[in-house]
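One structure below.
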Number of protein chains: 2
Amino acid sequence: MAVRRSALQSGPSKNSGTRPGSSRGAAREQVDDAVRSGLLTGRFIPGKAVTLRGLAAELGVSPMPVREVLQRLAAENALEVKPNGRVQVPDMTPGRFQEVLKARLLLEPELAALALPRLSPKDADDLKAIDDDIDQCILSGDAESYMRLNHAFHFRIYRASASEVLLPLIDSLWLQFAPFMRTVYGRVGTVSLEDRHKEAIRAIEERNEAALRGAIIADINDGMGILGTEILTGKGKA
Amino acid sequence: MAVRRSALQSGPSKNSGTRPGSSRGAAREQVDDAVRSGLLTGRFIPGKAVTLRGLAAELGVSPMPVREVLQRLAAENALEVKPNGRVQVPDMTPGRFQEVLKARLLLEPELAALALPRLSPKDADDLKAIDDDIDQCILSGDAESYMRLNHAFHFRIYRASASEVLLPLIDSLWLQFAPFMRTVYGRVGTVSLEDRHKEAIRAIEERNEAALRGAIIADINDGMGILGTEILTGKGKA
DNA sequence: TTTCTCCAAAAGTGATCACATTTTTGAAAA
DNA sequence: TTTTCAAAAATGTGATCACTTTTGGAGAAA
């Protein structure tokens, strides 16, 4: 067996046994980061089971912290615990998709508006840099990097709000639609992608709340629009 | 001291066999129900530590299922994991309170509107019965029963929507403000409580979506209004 | 009486184990 | 080749253990 190296494993597993030099809850945090990032970049396939011992071996930890992390993510509806105990990425359904879209449209503009007064010119510059990278990824068809950067763009804005309530809710939403998004990009590619990031950046620079709300709404509609047509027009299985 | 009987423990500790599905994740579900219900009715005090072994002993299970449940609830922001690992009910802050209020006003009317077409006349009758009990509790000052019934009233409506996305989000919100609410009722009593439940029931009977949205919004504002003034006018600690 | 020190109790974390159930597989039979 | 069925491997669950850190209190010193 010998602990197969995996894309999930960020670094060498030197953390095992000898020296728990890291602080409290290090293993749990490591697993949490790995799985969250894996979900957001679409490295987990909807419908595919996520096994406890498998993940544990892949990350070089015992099944214990994995159990806790999987429970956490199940509580956020990022993972689904089936009646037999198996854990998997939930399959997307039209109903779920419509609900996620509705929730995003309600919450994200609100949080962006909350963040606007706390966004500095430096934040705007950072966002520009991220957006440039995003354009690169769209052209080159690098879906995984695109998803990571698109998440980074939105949450760079949202995190500025220092929100303790809305931000976790939106976090949960992204974890729910990201794995599905990945399968769609895998099928239709990324070249047709459009976003309203530049509108959003301009609105931030101009401190224009209405324009920022509008850009976020348009961005969500654009991004989820092609996904919606994809899933709602007789698609088979992932 | 062996397994002290507690308010958390719903029945005899010998839960084996009686409940359906008592084999798969039975202990976890038992703990989850106990803690959730405890949070919603305010039996946990904000700022008071919730110890793993303590809860486990109280519920007659090993610390293992408790760990998983506490992680779940922490992921829903119903509990807070402090840097030293201790778990407690988060203290309410003005900022958090405003955010919860905002999120409730955005999401709950939407979910009620989604539920409206699926609410039957029988549901309306059930809601009337619950509301009558609520009136009793307000008069008699039974804050704990009031909180349980008020939750039952709202979620009887919301659950009809069969929502998979919005409902868990709202669930998380209620877990966040309920323990704080309880401390407020303990201080100001329940007699001054007003709700718009009768308006909501009428709107459901008349299939009037706008009226239902309005009743939910008014109910939230009424309920959280007195709380808001309470917390925002120089209050010290819970 | 107050404050500081030190030690014992308690708590969280991660690993391992035992057990029941589920899933997979592989061989035999149709 | 397809179907059936039993053995084997794998999985989740709950309990227990060992270890480190934190908490709390008893007791001594000022």
Side-chain angles (χ1 to χ4, degrees), chain A residues 1-4 6 9 13-35 44 47-75 79-90, chain B residues 1-4 9 13-17 19-35 44 47-75 79-90:
Chain A
M1 45 166 259
V3 184
R4 183 181 85 253
S6 135
Q9 207 164 11
S13 60
K14 63 188 168 192
N15 201 0
S16 52
T18 56
R19 177 57 180 159
S22 324
S23 55
R24 196 108 186 171
R28 186 165 55 209
E29 195 171 347
Q30 172 200 356
V31 176
D32 195 81
D33 289 350
V35 179
F44 293 98
K48 191 72 174 296
V50 178
T51 70
L52 220 90
R53 287 172 166 93
L55 252 183
E58 233 168 324
L59 295 168
V61 299
S62 90
M64 190 57 47
V66 179
R67 284 168 67 167
E68 298 186 343
V69 168
L70 260 44
Q71 290 293 324
R72 284 188 79 110
L73 291 165
L79 294 174
E80 179 186 17
V81 180
K82 304 196 71 179
N84 59 1
R86 299 294 279 272
V87 174
Q88 66 173 56
V89 180
Chain B
M1 182 185 308
V3 186
R4 183 181 85 252
Q9 207 163 12
S13 51
K14 266 305 180 189
N15 200 3
S16 35
R19 296 289 301 166
S22 66
S23 55
R24 201 62 179 207
R28 185 166 54 209
E29 194 170 347
Q30 173 199 356
V31 176
D32 194 81
D33 288 349
V35 178
F44 292 98
K48 192 71 175 296
V50 178
T51 70
L52 218 103
R53 287 171 164 93
L55 251 183
E58 233 167 325
L59 295 168
V61 297
S62 90
M64 190 56 49
V66 179
R67 283 168 68 166
E68 298 186 343
V69 168
L70 260 44
Q71 290 294 323
R72 282 189 81 110
L73 290 165
L79 293 173
E80 178 186 17
V81 180
K82 304 198 71 180
N84 58 2
R86 299 294 280 272
V87 174
Q88 66 173 56
V89 180

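We name chains A, B, ... by the order of the sequence lines, and we start the count at 1 in each one. All figures in this text were calculated on a predicted structure; none of them were measured in a lab.
The separation between Lys82(A) atom NZ and dG12(D) atom P is 13 Å, rounded to whole Å. The nearest whole Å value for the distance from the CD atom in Glu80(A) to the P atom in dG12(D) is 14 Å. One interatomic measurement links the two molecules: CG of Leu79(A) to P of dG12(D), which rounds to 12 Å at whole-angstrom precision. As a whole-Å value, the separation of Glu29(A) CD from dG12(C) P is 18 Å. Taking atom CG on Leu52(B) and atom P on dT22(D), their separation rounds to 17 Å, with Å as the unit. Atom CZ of Arg53(A) and atom C1' of dG14(D) are 12 Å apart (whole Å). Summarising the geometry, the separation between CG on Leu55(B) and C1' on dA10(C) is reported as 15 Å, rounded to the nearest angstrom. The distance between atom CD of Gln88(B) and atom P of dA11(C), rounded to the nearest whole Å, is 15 Å.
Under the side-chain contact (heavy atoms from CB on, under 4.5 Å) criterion, Lys82(B) pairs with Asn84(B), Gln88(B), not counting sequence neighbours.
By the 4.5 Å heavy-atom criterion applied to side chains, Leu55(B) and Leu59(B) are counted as neighbours. By the 4.5 Å heavy-atom criterion applied to side chains, Phe44(A) and Val35(A) are counted as neighbours.
Note that the two end axes of the helix from dT1(C)-dA30(D) to dA30(C)-dT1(D) enclose an angle of 10°, each drawn from 5 base pairs, rounded to 10 degrees.
Rounding to the nearest 0.5 Å gives a distance of 15.5 Å between CZ of Arg53(B) and CD of Glu58(B).
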Quick one: side chains of residues 61-73 of chain B, donor-acceptor pairs under 3.5 Å with protein atoms, not counting sequence neighbours, listed by atom name and distance.
unit_1: Ser62(B); atom_1: OG; unit_2: Met64(B); atom_2: N; d: 3.1
unit_1: Arg67(B); atom_1: NE; unit_2: Glu68(A); atom_2: OE2; d: 3.0
unit_1: Arg67(B); atom_1: NH2; unit_2: Glu68(A); atom_2: OE2; d: 3.2
unit_1: Glu68(B); atom_1: OE1; unit_2: Arg28(B); atom_2: NH1; d: 2.5
unit_1: Glu68(B); atom_1: OE2; unit_2: Arg67(A); atom_2: NE; d: 3.0
unit_1: Glu68(B); atom_1: OE2; unit_2: Arg67(A); atom_2: NH2; d: 3.2
unit_1: Gln71(B); atom_1: OE1; unit_2: Arg72(A); atom_2: NH1; d: 2.8
unit_1: Arg72(B); atom_1: NH1; unit_2: Gln71(A); atom_2: OE1; d: 2.8

Between the protein and nucleotides 20-23 of chain C, which nitrogen or oxygen pairs come in under 3.5 angstrom?
unit_1: dT23(C); atom_1: OP1; unit_2: Asn84(A); atom_2: ND2; d: 2.5

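Listed by residue number, Val61(A), Ser62(A), Pro63(A), Met64(A), Pro65(A) are the residues of residues 61-71 of chain A with a heavy-atom contact under 4.0 Å to DNA chain C.
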